[in-house]
**Student:** 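Please see the structure below; I have some questions.
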Amino acid sequence: MKTSLRTHTCGELNMQHLNEKVTLCGWIQKIRKLGGMTFIDLRDRYGITQLAFDAATQPELCQQIDSFGREWVIQVKGTVKERYSKNKNIPTGDIEIMADEITVLNESLTPPFTIEDESDGGDELRMRYRYLDLRRNPVKNNLLFRHKLSITIRNYMNHIGFVEIETPFLVGSTPEGARDFVVPSRLSHGEFFALPQSPQTFKQLLMVAGFDRYFQIVKCFRDEDLRADRQPEFTQVDCEMSFVTQEDVIQIFEGLLKHIFKEIKGIEVGDIERITWADAMKYYGSDKPDARFGMRFVELNDVLQHKEFKVFNQAELVVGIVAKGCASYTRKQLDGLTEFVKRPQVGASGLVYVQCHEDGTFKSSVDKFYDQADLQAVAKKANAEPGDLILIMAGPRVKTQVQMGALRLEMGDRLGLRKKGEYKLLWVVDFPLLEWDEETQRYYAMHHPFTAPKPEHEAILETKPGEVNANAYDIVINGTEVGGGSIRIHDKNLQKRMFKALGFTEEEAQKQFGFLMNAFQYGAPPHGGLALGFDRLCAILSDADSIRDFIAFPKNNAARDVMLNAPSTISDAQLKELGIKVSEWE
RNA sequence: GGUCCGGUAGUUCAGUUUGGUUAGAAUACAUGCCUGUCACGCAUGGGGUCGCGAGUUCGAGCCUCGUCCGGACCGCCA
């Protein structure tokens with residue numbers, strides 16, 4: 001790292017460099033004045049090196065550094081010396097620099113928060129001064145980790161013949177899917193570009209072009225509300241292959257994931273389990289199950305719908321989970337669980353429990369309707385043992401499954417079953433092709449409109465669209481959807497039928513996706529692919545909940561950049577040039 | 001669009017339950033002392049429109065309403 005201004009970094013000097021003349025540059029992490037001695041911790045990207053000053057022998061230097069403050073940038077020339085008292089906690093802890101000469105390269109204001117691993121700064125403040133936050137080890141290391149992961153992926157993909165090709169960011173807007181970020185056109189007044197939600201159609205066109213194996217680590221943009229794991233601009237590892245079946249794609253990316261886990265985490269991931277979408281919903285109430293723990297759903301309709309309890313009798317689904325060893329839950333804890341499922345976010349109307357006591361008796365919240373023999377039958381069906389707690393919900397099938405899914409994750413958290421450092425990968429396959437939307441009274445593509453139906457279901461696309469399964473697959477790690485993909489439609493006529501099923505007129509389909517269907521007339525190969533959420537992958541491999549600390553300059557909860565204070569208004573001159581007038585609707 | 005939590009010193013928070021004299025702590029900052037620290041130590045000091053607005057009250061950091069800001073979640077995210 002030698003440059004004109006420094007000979008070494010602050011992280012590399014040790015006993016082997018004793019008595020060498022060195023020049024270091026860096027930021028002042030800390031000044032410790034002990035009267036006759038003064039120590040400065042000098043920090044750069046690579047570490048910390050201690051500078052030592054002796055008032056008796058270096059009075060001028062000591063006077064000079066007296067005015068220095070935190071985060072000043074200095075250059076120091078001096079000699080590497082062995083310390084009297086060593087610091088075993090840092091790599092450079094055996095040595096220190098006896099300085100001969102110091103140059104202030106830049107002064108610094110006192111930062112609004114401490115630049116330490118455990119900073120005193122809150123989230124918003126750290127975002128506003130992100131360039132200071134990035135000096136801290138935890139955040140800096142996240143970005144270094146991100147770099148390492150991207151290099152690992154690029155090398156692997158290159159090694160197996162994938163070509164990285166860039167696709168445009170200024171594309172056309174489509175009404176399907178997420179909201180688009182929109183960019184006004186100066187040269188075509190009244191017309192707008194959109195930023196891509198993904199390079200989906202471009203990668204399909206690259207297949208038509210014969211590129212065979214394409215990938216790209218690429219920014220994608222979606223104008224939707226944020227979450228801890230959702231940013232309006234995020235990065236995908238976008239891939240597409242030709243002449244493949246679903247099995248080929250799964251094999252290729254299973255290979256990539258195994259490689260990543262081995263290289264980055266030193267973990268051998270075995271063959272990745274697969275579950276159908278239908279089973280995922282049935283047993284976990286989620287299309288992205290956290291499979292680190294069991295607690296699978298048990299349908300209890302047959303053992304609970306023969307008594308006078310209307311709530312159960314009228315329900316389409318009565319479903320339970322078994323919480324191991326929780327029979328001793330107090331009234332307060334049980335009420336807490338009921339409150340949890342009744343929160344608007346979950347939206348259940350209630351929760352029934354059955355405590356399976358050690359002495360073989362049962363206590364439930366519905367004892368009025370069910371006797372011990374009934375509860376015994378429930379316990380048997382649910383495979384519950386003495387000491388366990390059975391939690392039961394009832395209602396419309398899918399809704400109840402989703403609610404129970406939320407409770408299952410909550411119980412997993414409470415029982416410490418969602419362990420950090422443990423990784424459970426899962427392919428979710430056989431997604432439905434279409435999803436009925438009550439509000440707009442039409443079908444929507446569950447994945448996207450280019451997803452191919454299972455060949456054996458093609459015939460019923462018009463007659464029973466809701467029953468058509470897709471050649472689509474998601475990769476789920478610890479309950480997070482890390483990626484997804486599908487085999488695409490490569491036949492122009494099938495694509496037309498698909499658009500029709502989605503309620504497009506021929507003209508609409510032609511206007512929006514004509515370029516793709518036209519391309520399909522010129523020898524489109526069978527193709528399919530997958531995209532991995534790169535930010536999420538970084539976070540999961542680091543056992544972090546939020547992707548924000550793996551993005552150098554992220555947006556806040558309201559999709560704002562608090563450092564730039566963007567978005568912001570633009571000048572009238574700019575608006576005029578773009579042919580835009582801003583007015584309030586309604 | 002909705003639910004919940006929060007907003008008090010540069011910063012992180014306590015104080016709000018039960019309204020009552022001069023609003024505290026830690027840390028950061030400044031000054032002084034200290035020759036082996038490395039979370040240095042000790043002493044002293046400065047630092048507050050209690051997010052903003054309205055209301056209730058003799059009196060509001062504390063209660064009520066509104067509003068703005070931040071965070072988590074639901075909807076949304078093909």
Side-chain angles (χ1 to χ4, degrees), chain A residues 29-42 48-58 62 66-67 69-71 81-90 92-93 96 109-129 132 174-180 197-198 200-201 220-232 234 339-340 342-347 402-403 406 409-410 431-435 437 439 442-451 470 472 481 484 486 498 502 513 531 533 545-546 548 556-560 562:
Chain A
Q29 173 78 29
K30 189 97 187 171
I31 303 175
R32 288 182 295 276
K33 292 176 188 169
L34 284 79
M37 288 297 291
T38 298
F39 300 101
I40 291 180
D41 285 343
L42 192 67
I48 283 180
T49 298
Q50 175 168 287
L51 316 178
F53 302 87
D54 189 333
T57 57
Q58 306 167 293
C62 284
D66 204 42
S67 61
R70 280 166 57 203
E71 301 304 317
K81 295 287 182 191
E82 184 172 7
R83 291 198 198 182
Y84 290 119
S85 54
K86 298 183 176 178
N87 182 351
K88 294 294 172 202
N89 296 320
I90 57 174
T92 62
E96 65 193 4
L109 295 174
T110 301
F113 53 88
T114 56
I115 313 291
E116 291 165 5
D117 289 4
E118 296 287 334
S119 174
D120 63 2
D123 289 343
E124 195 198 351
L125 196 71
R126 294 197 290 111
M127 288 306 160
R128 195 135 39 94
Y129 296 91
L132 298 180
T174 55
E176 290 288 291
R179 293 183 186 90
D180 285 320
Q197 297 171 26
S198 88
Q200 181 61 37
T201 49
C220 301
F221 307 85
R222 294 181 190 174
D223 187 8
E224 296 292 344
D225 286 4
L226 284 71
R227 291 286 188 279
D229 64 351
R230 266 165 37 188
Q231 283 273 307
F234 61 101
E339 242 169 74
F340 172 81
K342 281 177 138 176
R343 284 162 55 228
Q345 279 87 337
V346 181
V402 171
Q403 291 166 347
L409 291 180
E410 173 70 13
F431 278 79
L433 182 71
L434 301 165
E435 205 172 14
D437 181 64
E439 206 175 307
R442 57 160 275 204
Y443 281 102
Y444 280 87
M446 196 157 190
H447 198 58
H448 56 56
F450 318 111
T451 301
E481 181 198 329
S486 61
M498 179 69 179
L502 290 168
F513 300 110
D545 295 322
S546 174
R548 284 189 198 171
N556 77 0
N557 220 18
R560 296 194 66 86
V562 293

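Chain A is the first sequence line, chain B the second, and so forth, proteins listed ahead of strands; every chain is numbered from 1.
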**Student:** Could you tell me how far apart Asn557(A) (CG) and G71(B) (C1') are, to the nearest whole angstrom?
**Tutor:** 6 Å

**Student:** Whole angstroms only, please: what is the CG-P distance between Asp545(A) and A72(B)?
**Tutor:** 10 Å

**Student:** For G53(B), which nucleotide is its Watson-Crick or G-U wobble mate, given both distances must be under 3.5 Å?
**Tutor:** C65(B)

**Student:** Hey, does the side chain of Lys33(A) come within less than 4.0 Å of G36(B)'s phosphate (OP1/OP2), counting only N and O?
**Tutor:** no

**Student:** Side chain of Thr114(A) only, please: which of U35(B), A28(B), C73(B) is the nearest?
**Tutor:** A28(B)

**Student:** Using both distances under 3.5 Å as the test, list the Watson-Crick or G-U wobble partner of G70(B), or none.
**Tutor:** C5(B)

**Student:** Tell me the interatomic distance from His448(A), atom NE2, to C77(B), atom P, rounded to whole angstroms.
**Tutor:** 15 Å

**Student:** Could a donor-acceptor pair under 3.5 angstrom be found where the side chain of Arg560(A) meets the base of C69(B)?
**Tutor:** no

**Student:** If you count every heavy atom of other residues, nucleotides or ligands that lies below 6.0 Å from Gln345(A) atom CD, does the total exceed 12?
**Tutor:** yes

**Student:** So, under a plain 3.5 Å distance rule, would you say the side chain of Glu96(A) forms a donor-acceptor pair with the base of G36(B)?
**Tutor:** yes

**Student:** Looking at C29(B), I'd like to know if its phosphate oxygens (OP1 or OP2) sit under 4.0 Å from a side-chain N or O belonging to Arg70(A).
**Tutor:** yes

**Student:** Can you tell me the distance, in whole Å, between the CZ atom of Phe39(A) and the P atom of G41(B)?
**Tutor:** 14 Å

**Student:** Gly35(A) or Gly121(A): which one's nearest nucleotide on RNA chain B is closer to the 5' end?
**Tutor:** Gly121(A)

**Student:** In whole Å, what separates the C1' atom of G61(B) from that of C33(B)?
**Tutor:** 39 Å

**Student:** If the condition is ring pair (Phe, Tyr, Trp, His ring centres under 6.0 Å), which residues does Phe450(A) pass it with, not counting sequence neighbours?
**Tutor:** His448(A), Phe513(A)

**Student:** Using a cutoff of under 3.5 Å, can you pull out all pairs of nitrogen or oxygen atoms linking the protein to nucleotides 2-6 of chain B, with atom names and distances?
**Tutor:**
| unit_1 | atom_1 | unit_2 | atom_2 | d |
| --- | --- | --- | --- | --- |
| U3(B) | O2 | Gln345(A) | NE2 | 2.5 |

**Student:** Take atom P in U17(B) and the same atom in U64(B), then report the distance between them in whole Å.
**Tutor:** 10 Å

**Student:** Between G75(B) and Arg227(A), counting only base atoms on the nucleotide and side-chain atoms on the residue, is there a donor-acceptor pair under 3.5 Å?
**Tutor:** yes

**Student:** Distance check, P atoms only: U21(B) and U56(B), in whole angstrom units.
**Tutor:** 23 Å

**Student:** With hydrogens left out and only the distance checked, is there a donor-acceptor pair under 3.5 Å joining Arg230(A)'s side chain and the base of C77(B)?
**Tutor:** yes

**Student:** Of all the choices, A28(B), G71(B), U35(B), which nucleotide is nearest to the side chain of Arg548(A) once you look at every atom?
**Tutor:** G71(B)

**Student:** Could you work out the separation of A9(B) and G51(B) based on their C1' atoms and round it to a whole Å?
**Tutor:** 15 Å

**Student:** Could you tell me whether a side-chain N or O of Glu96(A) sits under 3.5 Å from a main-chain N or O of Arg83(A), the two making a donor and an acceptor?
**Tutor:** no

**Student:** Short question: side chain of Glu176(A), backbone of Tyr444(A) - any donor-acceptor pair under 3.5 Å?
**Tutor:** no

**Student:** Whether the side chain of Arg83(A) and the base of C38(B) hold a donor-acceptor pair under 3.5 Å is what I'd like checked.
**Tutor:** yes

**Student:** Using the P atom as the reference point in each nucleotide, state the distance between C74(B) and U11(B) in Å, no decimals.
**Tutor:** 31 Å

**Student:** Could you pull out all residues at least two apart from Phe234(A) that satisfy ring pair (Phe, Tyr, Trp, His ring centres under 6.0 Å)?
**Tutor:** none

**Student:** For atom C1', what is the distance between A23(B) and G41(B), given to the nearest Å?
**Tutor:** 30 Å

**Student:** In the structure shown, which nucleotide is the Watson-Crick or G-U wobble counterpart of C29(B), with both distances under 3.5 Å?
**Tutor:** G45(B)

**Student:** Where each residue is assigned the nucleotide of RNA chain B containing its nearest heavy atom, which of Met446(A) and Val562(A) is assigned the position nearer the 5′ end?
**Tutor:** Val562(A)

**Student:** Under 4.0 Å: is that the gap between some side-chain N or O of Lys30(A) and OP1 or OP2 of C40(B)?
**Tutor:** yes

**Student:** Checking contacts here: which listed nucleotide (C38(B), C76(B), G71(B)) is nearest the side-chain heavy atoms of Gln50(A)?
**Tutor:** C38(B)

**Student:** Considering only atom C1', compute the distance from U18(B) to U37(B) and round it to an integer number of Å.
**Tutor:** 49 Å

**Student:** Could you tell me the separation between the CG atom of Leu226(A) and the P atom of G71(B), rounded to a whole number of Å?
**Tutor:** 9 Å

**Student:** Going by purine N1 to pyrimidine N3 plus the second Watson-Crick contact, or the G-U wobble pair, all under 3.5 Å, which nucleotide sits opposite A23(B)?
**Tutor:** none

**Student:** Considering only atom C1', compute the distance from A72(B) to A60(B) and round it to an integer number of Å.
**Tutor:** 30 Å

